[in-house]
2 protein chains.
Amino acid sequence: MTEPSRAREIREAATELFYERGYHGTSMREIAARLNMRAPSLYNHLNSKQQLLVDIIEGDVALITREFEDATATTDDVIEKFRRGFEVHVRHHMRYAHESKIAMTEVAALEEPAQSQVKEMRRHYTELWRTLIENAVAEGRASTQSTNLAAYAIIDMGIGIARWFRPDGPVSEGTLAGTYCDFALSVIGADSSPTRSRT
Amino acid sequence: MTEPSRAREIREAATELFYERGYHGTSMREIAARLNMRAPSLYNHLNSKQQLLVDIIEGDVALITREFEDATATTDDVIEKFRRGFEVHVRHHMRYAHESKIAMTEVAALEEPAQSQVKEMRRHYTELWRTLIENAVAEGRASTQSTNLAAYAIIDMGIGIARWFRPDGPVSEGTLAGTYCDFALSVIGADSSPTRSRT
DNA sequence: TCTCGAGACTAACGAACGGTAGCCTGCTCG
DNA sequence: CGAGCAGGCTACCGTTCGTTAGTCTCGAGA
């Protein structure tokens, strides 16, 4: 399953440029220039510009979904599932900030049927979160009465990270993951720390 | 004095299309077609495509900032300030979902100096939130130890709304505002019960 | 040493882009 | 009535787009 390395380099260069300027704001000539190539040479390694976008977005959504499923499968405790799932969610949006931002902002640039497929994959990911929160509430481990909105709020909290997080910034990956985990647990109404007081 | 109503119609049509397809993914011909016009006629009412984007984004960021400042100026209680500010924040991203999404995703398409100016305006808005949360903690009304991250999390929670909220959807504006307000108060570690007391 | 294929290149295509020039129509108002 | 003008329109400009065709080069294997 090893893919040609040049194809991967092109996709990485495209990821950077799509992140900085957007899909329609990036030309094949710019992607090529970043690798000291000419635009037509790119077509020795890919079929179309659109396929680049499809690969980046579908790859990202598929990856975070698999990461989430793997992380939550390793425990039966619903709050621990939540904690591990959210840590994966947050860390994904730090480590793959560029891909994540593209997957969020450039879905409209996807042609059919890829656009519908990505939307379905995202709906599925959201559903995983909604179910997890629902289970936590059903077991009396969380108290929110709006599992749907809580899922949206939690997911969006993580997504936002991709817009401002910088690996060399003042906040470390671990600190951010821990702090945001407390935020998320607060949102669903689960006790997250001993200092929290509830009536 | 007759308003330049046509200019406003053009900006509204552009807002819809920039929302659906992005700035670079929208042509002046498409904007014109939505008003049953031809592209060159648009230039009777505007200077450039870029100016359309600048007006939409700067207008949106300026509006939410003013709404926030107005809402928080009407009380001295820091938690009530927070509550009113966040309600404004959430409702803005529902009512102006299209403008807000553009302001979030198309900043890279802004040319200088507009791009720097918008980034500065956003930095200012974030700073308002950070200060508000800091004051709440200083007065013992909130318990978070990460005012910076809490501000990001709360702002991003609201921004996300613009991506999925539909006015004719199953969740009403009031329900969403109320539920999200509880979420936000949980994040900063403030009691979310409706009864509050001045110190 | 010769062959051959991978992968770079240059040239160029048709389409679409943002924007300009200049014309025409029809309403307003002296 | 008739002049002026706001605001449409068609024609077209130069540029850039994604992509194709065809050529050249160079290293590996027979």
Side-chain angles (χ1 to χ4, degrees), chain A residues 1-58 102 105-115, chain B residues 1-58 102 105-115:
Chain A
M1 290 283 286
T2 62
E3 64 167 344
S5 64
R6 208 68 207 261
R8 202 190 61 246
E9 288 175 354
I10 293 171
R11 197 173 57 247
E12 286 169 358
T15 300
E16 297 305 301
L17 283 161
F18 291 171
Y19 172 76
E20 293 168 13
R21 316 177 189 203
Y23 176 74
H24 290 298
T26 302
S27 72
M28 296 301 276
R29 285 164 177 80
E30 289 171 318
I31 296 170
R34 189 152 295 207
L35 299 167
N36 292 316
M37 295 168 69
R38 307 289 167 264
S41 305
L42 299 175
Y43 288 82
N44 288 318
H45 306 279
L46 51 84
N47 296 323
S48 69
K49 184 189 183 188
Q50 172 74 198
Q51 191 60 49
L52 272 176
L53 185 66
V54 172
D55 289 348
I56 291 167
I57 294 183
E58 287 192 352
I102 295 167
T105 61
E106 301 292 346
V107 175
L110 286 172
E111 299 167 2
E112 294 293 356
Q115 182 173 135
Chain B
M1 295 295 283
T2 61
E3 279 190 76
S5 65
R6 210 66 211 261
R8 203 189 62 246
E9 288 175 354
I10 293 171
R11 196 172 58 247
E12 287 170 358
T15 300
E16 298 302 303
L17 284 161
F18 291 171
Y19 172 76
E20 294 168 13
R21 317 176 189 203
Y23 176 74
H24 290 298
T26 301
S27 72
M28 296 302 276
R29 286 161 178 82
E30 288 172 319
I31 296 170
R34 189 153 292 206
L35 299 167
N36 293 317
M37 295 169 69
R38 307 289 165 262
S41 306
L42 298 175
Y43 288 83
N44 288 319
H45 308 278
L46 53 85
N47 296 323
S48 68
K49 184 189 182 187
Q50 174 73 198
Q51 191 59 48
L52 272 176
L53 186 65
V54 172
D55 289 347
I56 291 167
I57 293 183
E58 287 192 352
I102 295 167
T105 62
E106 302 291 345
V107 175
L110 286 172
E111 298 167 3
E112 294 293 356
Q115 181 172 136

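Keep in mind that what you see is a predicted model, and the values were worked out from it rather than measured. No hydrogens, no waters, no symmetry mates; every other heavy atom, side chains included, goes into these values. Naming: A, B, ... by sequence-line order, numbering from 1 per chain.
Legend: ring pair (Phe, Tyr, Trp, His ring centres under 6.0 Å) pairs involving residues 7-35 of chain B, not counting sequence neighbours, sorted by first then second residue: B:Phe18-B:Tyr23, B:Tyr19-B:His98.
Following rounding to the nearest Å, B:Met37 (CE) and D:dG7 (P) show an atom-to-atom distance of 10 Å. For B:Leu42 and C:dT20, the CG to P distance is 12 Å, given to the nearest whole Å. For the pair A:Arg38 CZ and C:dC9 P, the interatomic distance rounds to 5 Å; values are reported in whole Å.
Scanning all heavy atoms of the two residues, the minimum distance from B:Met28 to B:Leu52 falls at CE-CD1, 4.5 Å.
Minimum atom distance to the side chain of A:Tyr43 is reached by D:dT19, of the listed D:dT19, C:dA8, D:dG8. Relative to the side chain of B:Met28, the nucleotides C:dG7, D:dG18, C:dG18 differ in distance, and C:dG18 lies closest.
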At a cut-off of 3.5 Å, list every protein nitrogen or oxygen paired with a nitrogen or oxygen from nucleotides 11-14 of chain D, distance to 0.1 Å.
none

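Distance check: B:Ile10 CD1 to B:His45 NE2 gives 5.0 Å after rounding to the nearest 0.5 Å. In this structure, A:Leu110 CG and A:Glu112 CD are separated by 8.5 Å, a value rounded to the nearest 0.5 Å.
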Side-chain donor/acceptor pairs under 3.5 Å, residues 31-44 of chain B, sequence neighbours excluded:
| from | atom 1 | to | atom 2 | distance (Å) |
| --- | --- | --- | --- | --- |
| B:Asn44 | ND2 | B:Ser41 | O | 3.4 |

Full working for side-chain contact (heavy atoms from CB on, under 4.5 Å) between B:Asp55 and B:Gln51: CA-CA 6 Å; B:Asp55 289 347; B:Gln51 191 59 48; 3.0 Å; yes
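B:Gln115 contributes a side-chain N or O that, together with a main-chain N or O of B:Val107, makes up a donor-acceptor pair within less than 3.5 Å.
Applying the side chain to side chain donor-acceptor pair (under 3.5 Å) test to A:Glu20 and every residue at least two apart in sequence or in another chain returns nothing. In this view, B:Glu12 and B:Arg8 satisfy the salt bridge (Lys or Arg N to Asp or Glu O under 4.0 Å) rule, not counting sequence neighbours. In terms of the salt bridge (Lys or Arg N to Asp or Glu O under 4.0 Å) criterion, A:Arg29 has no residue partners (sequence neighbours excluded). Evaluation of the side-chain contact (heavy atoms from CB on, under 4.5 Å) rule for B:Glu111 yields B:Gln50 as partners, not counting sequence neighbours.
Counting distance only, with no hydrogens placed and no angle test, the side-chain atoms of A:Asn44 and the base atoms of C:dA8 include a donor-acceptor pair under 3.5 Å.
In the region residues 16-27 of chain A, proximity to DNA chain D at under 4.0 angstrom, judged on heavy atoms, holds for A:Thr26, A:Ser27.
An OP1 or OP2 oxygen of C:dA6 is reached within less than 4.0 angstrom by no side-chain nitrogen or oxygen of A:His45. At the phosphate of D:dG8, OP1 or OP2 sits under 4.0 Å from a side-chain N or O atom of B:Arg6. Listed pair A:Ser41 / C:dG7 fails the phosphate criterion, with no side-chain N or O lying under 4.0 Å from OP1 or OP2.
Between the axis at the start and the axis at the end of the helix from C:dT1-D:dA30 to C:dG30-D:dC1 there is an angle of 0°, using five pairs per end and rounding to 10 degrees.
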